[in-house]
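Worksheet: one structure, shown below.
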Amino acid sequence: MAVIPIRLRGWHFILLNAATGLANVVVLSNVPGYTILTPYVAGNLQGVTQSFAGWATTDHMIGLALGFPIARWLAARYGDYRVYGTALAAYAFFSFLCASSDTIWSFVPMRLLLGLTGGVILPVGQAILLGEYPPERRTLGVGIWGVLSMMPFTIGVFMGGVWAEVFGWRAMFLSNVVIALTVAGITGSLFYGRRIKRHIARFDGVGFFLLAVIFLCLQTIFNQGNDFDWFASPILVGALVVVVVALPCFFIWELGEHRPAIDVRLLAHRNYAIAVICSVVGFLVIQGQLSVFVVQLQLLLGYSSSLAGIVYLTMILLSVPLVAIIHELCRKFDVRLICCLNFLGFAATMFWIGQFDKNGYFDSIALPMLFFGLSLAAFFTPLSALAIHGLPASRLIRAAEELTLLRTCAGAFGIALQAVVIFRRTPFHQLDLADHSGGRRFASLDLLSQFSDRLQALGFSADMARSQMGLLIRQQATLLGLNDAFLLGAYVFVALAAFIWLAQSTVATTKRIEGLREAEAEEMMGQG
């Protein structure tokens with residue numbers, strides 16, 4: 001069938017922008033917004049631990065990543081706006097099932113399927129949106145998408161916190177039902193009657209299955225390691241064996257596949273391989289720290305969920321202006337320099353946050369988060385520009401899509417792994433504080449005995465005093481463990497700042513940047 005060469009005009013165009021933008025914000029905000037709800041959800045799903053409730057966030061991100069290759073094939077076979085409407089309806093259905101779940105065992109699978117449909121919505125939605133922009137205004141479309149890409153880390157977290165306090169966490173999923181169905185109706189009516197051009201291609205089902213098995217098994221190991229003593233658990237040992245067997249099979253299969261689910265041959269390009277490594281390692285640290293920190297603000301420092309959301313809302317002040325102009329900066333400067341300076345900015349901010357040795361006031365925490373948002377805004381696009389440098393135009397969209405897929409999975413891994421850092425470092429600091437303050441290192445320095453005497457003088461019994469001292473030491477040890485996670489992230493970004501210079505020099509040409517803009521449908525969606 002031929003494609004009718006019609007573009008939306010006037011209020012139809014504005015309505016399409018609003019509808020697709022709203023849908024994308026809902027999908028993207030669902031991961032960080034849910035993270036702030038974890039304390040509420042854990043107690044509402046039969047009182048499971050915080051780590052169990054965190055499975056839903058990480059598995060959702062895995063589903064989001066796995067939706068990208070499916071979206072490409074479905075849009076080519078059935079038409080983009082038809083797939084978009086159907087995926088929105090499925091998103092509403094799975095959101096309702098999430099809101100109706102009573103146990104963690106029913107909630108997590110629904111979150112995985114919700115992420116899978118979200119992974120279809122995002123690339124197809126932006127492809128539709130950019131397709132309605134004339135070429136001379138496509139920069140505006142990409143700029144709008146860039147601003148939307150920051151919403152999960154800012155407005156999404158704040159929205160989740162307010163939702164939890166005022167309406168309850170289930171209401172957030174129920175609101176997704178209304179929004180998704182509304183957007184599906186609007187876009188369906190705007191595109192009703194438009195013919196589509198179908199391109200029926202073979203789907204790499206074997207490669208996709210192996211990819212899904214590898215990601216899900218790895219995520220299961222990271223999620224459950226602390227709770228089930230890692231490889232003392234036969235289930236986790238079995239998952240590791242599956243990964244060891246499936247990984248080489250996946251690479252062998254994809255190298256021989258004509259239309260692979262993941263084009264591993266792209267890694268033969270030097271700049272692309274370096275960009276992938278920096279994106280994966282960097283986002284693993286970023287997503288993990290943001291997700292862990294927002295939970296610890298509530299559990300450790302006693303913040304309400306809305307106040308913790310306001311801390312993250314400060315990131316929008318510097319990030320939105322920068323993300324709107326970062327494309328132009330990539331045109332005029334060496335992308336390696338931009339990435340290097342940005343990585344050093346991340347390192348400085350993480351080192352700043354990692355120096356807190358007491359419960360910080362709001363302003364002492366919000367200020368470094370303001371600069372964290374500045375670095376976050378400059379993280380995605382420069383690495384995408386570096387990744388596509390030297391690639392033929394026919395492979396740009398595929399390269400951007402795979403970069404986003406791998407980065408999203410790394411974010412899911414990072415949430416679990418950063419929790420492992422805190423889990424392992426907290427007992428170390430707890431023992432160290434007890435030894436240092438209890439007179440075990442220096443007999444003349446027995447602060448705990450002095451503190452116990454003061455508590456008993458105030459009317460505490462000996463047992464109550466010991467309990468209070470234990471809680472205080474545990475709190476300070478957890479705070480120091482959180483500091484270690486940020487300090488480790490700072491060292492990682494210093495290493496990445498040096499590693500980025502192994503890439504070839506690039507000053508992006510206008511033609512290359514135009515290719516980047518068309519590939520942004522997949523690149524800017526690595527948030528979760």
Side-chain angles (χ1 to χ4, degrees), residues 1-3 20 23-24 27 60-91 93-94 112-131 180 184 187-188 191 194-216 246 249-267 388 391-409 515 518-526 528:
M1 296 182 180
V3 180
T20 53
N24 293 341
V27 175
H60 178 85
M61 292 188 68
I62 294 295
L64 194 71
L66 293 176
F68 295 151
I70 298 177
R72 178 179 68 245
W73 177 74
L74 288 176
R77 186 177 181 90
Y78 299 106
D80 49 8
Y81 71 89
R82 292 181 180 177
V83 171
Y84 188 66
T86 304
L88 283 168
Y91 194 84
F93 176 69
F94 291 126
L112 177 64
L113 294 174
L114 188 69
L116 190 67
T117 53
V120 175
I121 291 171
L122 291 174
V124 176
Q126 194 186 5
I128 292 174
L129 190 64
L130 292 182
T187 54
F191 287 99
R194 178 178 291 195
R195 295 181 179 180
I196 61 173
K197 182 179 179 180
R198 293 184 177 181
H199 176 68
I200 300 178
R202 177 178 176 271
F203 180 66
D204 181 18
V206 174
F208 178 79
F209 173 76
L210 291 173
L211 183 69
V213 167
I214 292 170
F215 283 158
L216 289 174
C249 293
F250 172 76
F251 277 98
I252 294 172
W253 176 268
E254 295 299 87
L255 287 173
E257 182 66 18
H258 181 62
R259 295 181 181 276
I262 295 291
D263 190 357
V264 295
R265 298 181 184 86
L266 288 171
L267 296 174
I388 68 171
L391 294 178
S394 60
R395 306 181 75 180
L396 292 182
I397 294 180
R398 168 59 73 90
E401 176 192 278
E402 294 181 8
L403 181 66
T404 303
L405 186 155
L406 295 173
R407 186 175 60 233
T408 304
C409 287
E518 296 195 8
E520 282 294 315
E522 286 80 15
E523 189 280 327
M524 289 294 292
M525 297 174 304

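Predicted, not measured: the structure shown is a model, and the values here were computed from it.
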Just jot down the side-chain contact (heavy atoms from CB on, under 4.5 Å) partners of [X], sequence neighbours excluded, or say none.
X    : result
L216 : I62, L112
A212 : L66
L267 : Y272, V276

Contacts of F93 that satisfy ring pair (Phe, Tyr, Trp, His ring centres under 6.0 Å) - sequence neighbours left out: none
Least distance between heavy atoms, [X] atom then [Y] atom:
X    : Y    : value
A184 : G85  : CB-O, 3.9 Å
T117 : A90  : CG2-CB, 3.7 Å
P123 : A71  : CG-CB, 3.7 Å
A75  : V124 : CB-CG2, 4.2 Å

Candidate list L210, T408, L406, test side chain to side chain contact (heavy atoms under 4.5 Å, CB included), partner F215, passing option: L406
Atom pair [atom1] ([X]) and [atom2] ([Y]), whose distance is rounded to the nearest 0.5 Å:
X    : Y    : atom1 : atom2 : result
C409 : F68  : SG    : CZ    : 9.0 Å
L403 : I388 : CG    : CD1   : 10.5 Å
L116 : H60  : CG    : NE2   : 10.5 Å
I214 : F250 : CD1   : CZ    : 6.0 Å
L74  : Y84  : CG    : OH    : 15.0 Å

query: Quick one: are L64 and L122 in side-chain contact, heavy atoms under 4.5 Å?
result: yes
message: I'd like to know if the side chain of E254 reaches the main chain of I262, judged simply by a donor and an acceptor atom lying under 3.5 Å from each other, with no hydrogens or angles considered.
response: yes
task: List in chain and number order the residues that pass side-chain hydrogen bond (donor to acceptor under 3.5 Å, both in side chains) with W253, two or more places apart in sequence or in another chain; answer none if no residue qualifies.
output: D204
- request: Run the numbers on T187 and Y81 for side chain to side chain contact (heavy atoms under 4.5 Å, CB included), then give the verdict.
  value: CA-CA 7 Å; T187 54; Y81 71 89; over 6 Å; no
task: Using the six-membered ring wherever Trp is involved, compare the ring planes of F203 and F208 and label them parallel, tilted or perpendicular (cut-offs 30° and 60°).
output: tilted
task: Taking salt bridge (charged side-chain N to carboxylate O under 4.0 Å, His left out) as the test, write out the residues that go with R265, two or more places apart.
output: D263
